[in-house]
Amino acid sequence: MAWVLLLLAGLLEVGWAIGMKFTEGFTRLWPSVFTVAGIVASMLLLSQAAKALPIGTAYGVWVGIGAAGAAIVGMAVLGEPATAARIFFVVLLLVAVVGLKATSGH
């Protein structure tokens, strides 16, 4: 169950990271409200997952999902450059996430 919570926390991190782009420096009310709600929910789920998982693993996986997911959404939806180098490093992030899970002992 901890891994499911961590996956959801990571997906919420993608959501709030992308949401920050739409807050325009937290000057737009509703994008800001949804972004802050996403941050809080993501942190709460991370903290629940960290009860059962090593914190280094939980935090690393959470950050990896968020960073890779935000980069992928940025390239696929927001028109950010999808260069070979960027894609390579996103793949490295995902490999690191899988590696952390595989070596966590849980």
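Predicted model only: the values in this text are computed from it and were never measured. Index from 1, following the sequence. Worth knowing before you read on, the calculation uses all heavy atoms, side chains too, and leaves out hydrogens, waters and symmetry mates.
Nearest approach of Pro54 to Ser104, heavy atoms of both residues: CG-O, 4.2 Å. Residues Leu93 and Ala68 approach most closely at CD1-N, 3.9 Å, considering heavy atoms. Contact record, Ala49 with Ala2: CB-O, 3.5 Å, taken as the closest heavy-atom pair.
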Exercise for the section: I would like to know whether Val90 and Met75 meet side chain to side chain contact (heavy atoms under 4.5 Å, CB included); could you show each step before the answer? Expected result: CA-CA 11 Å; Val90 167; Met75 289 185 281; 4.1 Å; yes
Handout entry: Stepwise side chain to side chain contact (heavy atoms under 4.5 Å, CB included) check, Ile18 with Leu78
Key = CA-CA 9 Å; Ile18 296 299; Leu78 301 177; 4.1 Å; yes
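Under the 4.5 Å side-chain heavy-atom criterion for grouping Ile, Leu, Val, Met, Phe, Trp and Tyr, Phe22 is connected to Val14 within one hydrophobic cluster. Placement of Leu11 and Trp3 within a single hydrophobic cluster is found when ILVMFWY residues are connected by side-chain heavy-atom separations under 4.5 Å, directly or transitively. If you chain together hydrophobic residues whose side chains sit under 4.5 Å apart, Leu46 and Ile65 fall into the same group. Two different hydrophobic clusters hold Leu94 and Leu7 under the rule that ILVMFWY side chains link at heavy-atom gaps under 4.5 Å. Residue Val61 is grouped with residue Val63 when hydrophobic side chains (ILVMFWY) are merged at heavy-atom distances under 4.5 angstrom, including chains of intermediate members.
Atom-to-atom distance recorded for Leu5:CG and Trp62:CH2 is 14.5 Å, nearest 0.5 angstrom. The line from CG of Leu8 to CG of Leu44 is 13.0 Å long, rounded to the nearest 0.5 Å. Here Leu92 contributes atom CG and Phe88 contributes atom CZ; the two are 4.0 Å apart, rounded to the nearest 0.5 Å. Summarising the geometry, atom CG belonging to Leu6 is positioned 9.0 Å from atom CG belonging to Leu45; distances are rounded to the nearest 0.5 Å. Expressed to the nearest 0.5 Å, how far CD1 of Ile72 lies from CZ of Arg86 amounts to 10.5 Å.
Side-chain atoms of Thr23 do not come within 3.5 Å of backbone N or O of Arg28 as any donor-acceptor pair. Judged purely by atom type and a 3.5 angstrom limit, Thr35 has no side-chain atom pairing as donor or acceptor with the backbone of Ser32.
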